[in-house]
Protein chains: 4
Amino acid sequence: MTEKTNRKNQIIEVASKLFFEQGYHVTGIKQIIEAADIAKGTFYCHFKSKEELGLEWLRRGSEKWIACRNAYLEQFGDEPARKLVALFDYQAKGAAACSYRGCAMLNMLAESPDLGCPMRQAIRGYKKDFLAFIRSLVDQHLPNASDADREQRAGAIYLLSEGATVAAQSFCKTGPIEIAKKQVEKILAE
Amino acid sequence: MTEKTNRKNQIIEVASKLFFEQGYHVTGIKQIIEAADIAKGTFYCHFKSKEELGLEWLRRGSEKWIACRNAYLEQFGDEPARKLVALFDYQAKGAAACSYRGCAMLNMLAESPDLGCPMRQAIRGYKKDFLAFIRSLVDQHLPNASDADREQRAGAIYLLSEGATVAAQSFCKTGPIEIAKKQVEKILAE
Amino acid sequence: MTEKTNRKNQIIEVASKLFFEQGYHVTGIKQIIEAADIAKGTFYCHFKSKEELGLEWLRRGSEKWIACRNAYLEQFGDEPARKLVALFDYQAKGAAACSYRGCAMLNMLAESPDLGCPMRQAIRGYKKDFLAFIRSLVDQHLPNASDADREQRAGAIYLLSEGATVAAQSFCKTGPIEIAKKQVEKILAE
Amino acid sequence: MTEKTNRKNQIIEVASKLFFEQGYHVTGIKQIIEAADIAKGTFYCHFKSKEELGLEWLRRGSEKWIACRNAYLEQFGDEPARKLVALFDYQAKGAAACSYRGCAMLNMLAESPDLGCPMRQAIRGYKKDFLAFIRSLVDQHLPNASDADREQRAGAIYLLSEGATVAAQSFCKTGPIEIAKKQVEKILAE
DNA sequence: AATGAATGAGCCTTCATTCAT
DNA sequence: CATGAATGAAGGCTCATTCAT
């Protein structure tokens with residue numbers, strides 16, 4: 001809340017926008033500091049490298065995304081099935097923009113081939129959490145189903161979500177998300 | 001077939017490997033020419049720009065992928081359902097490598113935010129064709145189903161394939177492809 | 001007249017246009033061969049280097065300019081004074097174009113600082129001849145004037161011509177040529 | 001005055017020398033930074049492009065030339081005619097060097113064919129000012145002459161100056177400047 | 001904290017020329 | 001004669017990072 005955090009936050013916010021809209025490697029430090037209206041050195045007062053900023057982008061971005069998603073899903077109280085379906089409505093809202101850029105994590109995944117690097121660990125962690133979140137809702141919805149059944153359903157819903165994201169990004173349409181949503185309804189109704 | 005084409009092919013092959021393994025923007029002309037063991041100028045005798053080479057990579061890569069996939073599916077003769085399922089076996093084969101890099105098109109998608117650029121057009125075209133390919137198999141499998149039904153099933157299978165690709169890439173496991181495969185079997189059995 | 005000479009002539013003509021309109025150093029071999037629609041190697045069958053072509057441009061260009069100028073002045077028969085004045089009318093005709101590029105020799109002079117190089121020798125030779133041409137007309141017009149007087153008048157006319165050329169090029173107007181012409185009339189009338 | 005400005009000044013001075021002596025296009029950034037003994041990146045800390053440096057060269061060069069000329073002419077107090085004649089003495093001083101390169105503006109003019117580019121605007125502005133300077137001296141010298149008469153005389157003197165510059169550059173002699181000077185004396189005496 | 005000058009390896013691309021066909 | 005692939009130095013410029021102030 002102080003000036004201190006504000007400055008760092010401002011850099012992260014500005015950079016997050018650029019990284020997401022343009023890509024990580026294609027976005028240079030110069031562009032970031034100009035957009036944030038700070039000096040070169042100031043940037044390195046707050047981040048020891050571009051990668052550190054990139055990690056912060058991924059971390060905060062996922063936190064924000066999760067928080068907003070959860071806030072959106074709250075309206076569905078304790079109805080896990082409706083929540084799972086609503087997940088795709090939430091996705092569709094974000095994808096409505098004419099130049100939808102998909103999922104920051106998946107985009108960064110394409111740009112960071114090194115398996116062990118911090119970026120990849122962050123991506124894996126985030127995606128693992130997302131799958132676990134879906135799984136927990138499936139578990140709530142079908143408490144009596146077998147473990148394997150629930151894993152299959154949760155996995156399928158997760159894949160449909162990922163597929164819908166990249167398809168919406170590819171075609172710049174929300175159609176794929178509709179398809180995914182309908183399929184999820186079927187999966188939960190079976 | 002002559003020496004002439006060989007040199008250009010060699011550049012494309014070397015570059016395709018690097019683009020796919022490392023990413024497009026992170027791969028420099030210098031690295032490409034060193035890997036291909038040619039002079040800087042030689043590169044520009046064959047390609048008018050890096051982008052042209054990138055487009056050639058996408059074009060040839062998709063051609064090759066489609067050809068190999070079709071060759072693999074031939075063994076299933078005129079059984080469209082088995083072909084659709086086998087699609088995921090084929091995918092799993094490619095994903096077995098310890099550092100699976102997913103789909104070149106989707107990776108490039110993440111790196112090219114400009115909607116109208118040639119890269120994006122190539123990606124859209126390729127993905128549209130892939131969806132159409134799945135759709136034609138679904139049509140063959142369920143000739144009596146309604147158009148909307150077939151669209152939904154084909155769409156879902158397509159999304160599962162995309163999702164499985166990025167998930168396998170994220171986690172470096174073929175597990176997601178197995179999940180997708182099982183789900184496709186259900187979709188076709190309904 | 002044969003095919004042989006035609007090809008070489010074509011290169012010279014195309015290059016002359018480009019050198020004059022754009023400048024010598026800024027015009028690349030690639031642009032020349034593309035404009036002439038020939039292969040890289042073909043160029044070097046006819047010229048051993050870019051410089052040789054440049055020299056040929058200057059040589060032929062001055063020959064052509066002199067020939068056209070003389071043809072234009074012929075109408076003034078044996079009236080040297082009118083010829084000297086008409087020289088500026090001729091100059092004005094060339095300078096009427098909206099993006100007048102002045103004198104190829106003077107432009108090349110600006111681009112070739114090396115005093116002893118062939119280009120500079122060509123320029124010096126051409127300018128010496130031009131001054132001598134003016135001098136001969138002055139001599140015809142004022143056969144009884146002293147040598148020093150005629151040298152002064154011829155020199156001044158020459159300088160006015162050079163000045164008018166670069167001024168017309170600077171301002172993209174023919175006004176300076178009119179000024180020069182009037183001054184020459186005064187110089188000859190004294 | 002501080003260290004900061006010194007570095008930038010140093011680059012400008014080094015580059016000005018090279019641009020003037022060799023030509024603009026033929027002088028590379030590499031040569032400039034080597035002569036200035038700085039790193040590539042340092043250059044671009046101070047100038048956003050080669051063109052910006054080129055413009056600075058023209059701007060400072062003309063400022064310096066004008067200042068030195070005015071300082072030289074001061075000795076002639078309020079005698080405009082003597083000042084006009086002395087202009088050519090001043091010119092001759094500069095042209096005495098064995099490899100006289102003439103006027104930076106006219107040389108740059110030869111290298112920049114694009115009418116609207118900043119370089120051309122700078123050149124036009126400078127030349128317009130020079131003509132206006134001559135005109136003001138002519139006006140002082142002949143306050144009772146008609147406007148047209150003064151315009152003609154000033155114009156002729158200007159053209160003689162330009163002509164003398166390029167002729168001295170062409171022949172590497174100051175002779176043409178002497179001729180111009182004598183002619184100017186006549187023009188003012190009439 | 002904040003600054004911005006300095007670095008030099010690297011970016012993609014063009015240069016004039018050669019040479020085997 | 002004509003071709004166009006091959007060369008590698010050079011073109012102008014950007015990169016992420018450091019450091020003295």
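Naming convention: chains lettered A, B, ... in sequence-line order (proteins, then strands); numbering from 1 in each chain.
- What separates CD1 of A/Ile33 from P of F/dT14 is a distance of 13 Å, to the nearest Å.
- Taking only side-chain nitrogens and oxygens, D/Arg7 comes nearer than 4.0 Å to OP1 or OP2 of E/dA6.
- With rounding to whole Å, A/Phe47 atom CZ is found 13 Å from F/dT17 atom P.
- Position along DNA chain E of the nearest nucleotide to D/Ala39 versus A/Asp37 favours A/Asp37 as the more 5'-ward residue.
- The aromatic rings of D/Trp57 and D/Tyr24 sit parallel, their planes meeting at an angle under 30°, below the 60° perpendicular limit.
- Taking the charged nitrogens against the carboxylate oxygens, A/Glu63 and A/Arg59 do have a contact shorter than 4.0 Å, which makes a salt bridge.
- With the nearest nucleotide of DNA chain E identified for both B/Ile29 and C/Lys30, B/Ile29 has the one nearer the 5' end.
- For B/Ile32 and E/dG10, the CD1 to P distance is 15 Å, given to the nearest whole Å.
- The nearest whole Å value for the distance from the CD1 atom in B/Ile11 to the C1' atom in F/dT7 is 13 Å.
- With the nearest nucleotide of DNA chain F identified for both D/Thr27 and A/Gln31, D/Thr27 has the one nearer the 5' end.
- Base-pair partner of F/dT7: E/dA16 (Watson-Crick or G-U wobble, both distances under 3.5 Å).
- Across all strands, A/Lys40 comes closer than 4.0 Å to base atoms (heavy-atom distances).
- For the pair D/Val166 and C/Lys127, the minimum side-chain heavy-atom distance is 4.5 Å or more.
- With a cut-off of 3.5 Å on both pairing distances, the Watson-Crick or G-U wobble partner of E/dG10 is F/dC13.
- Taking only side-chain nitrogens and oxygens, D/His46 never comes nearer than 4.0 Å to OP1 or OP2 of E/dG4.
- The side chain of C/His25 contributes no N or O atom lying less than 4.0 Å from OP1 or OP2 of E/dA16.
- At least one side-chain nitrogen or oxygen of C/Thr42 sits closer than 4.0 Å to the OP1 or OP2 atom of F/dT3.
- With both pairing distances under 3.5 Å, F/dT21 is matched to E/dA2 as a Watson-Crick or G-U wobble pair.
- The separation between C/Lys48 atom NZ and E/dC19 atom C1' is 18 Å, rounded to whole Å.
- Rounded to an integer number of Å, the gap from A/Ile38 CD1 to F/dT17 C1' is 14 Å.
- Contact annotation: the side chain of C/Pro113 never approaches that of D/Val26 to less than 4.5 Å [non-hydrogen atoms, C-beta and beyond].
- OP1 or OP2 of E/dT17 has at least one side-chain nitrogen or oxygen of C/Tyr44 nearer than 4.0 Å.
- Here D/Gly28 lies in heavy-atom contact (under 4.0 Å) with sugar-phosphate atoms only.
- Distance CZ (C/Phe43) to P (E/dT17): 8 Å, rounded to an integer number of Å.
- Closest non-hydrogen pair, C/Glu52 versus C/His46, comes out as OE2-O, 3.8 Å.
- Residue B/Val14 is tested with B/Ile12, B/Leu18, B/Ile11 for a side-chain contact (heavy atoms from CB on, under 4.5 Å); the sole match is B/Leu18.
- In this structure, A/Glu34 atom CD and E/dT3 atom P are separated by 14 Å, rounded to whole Å.
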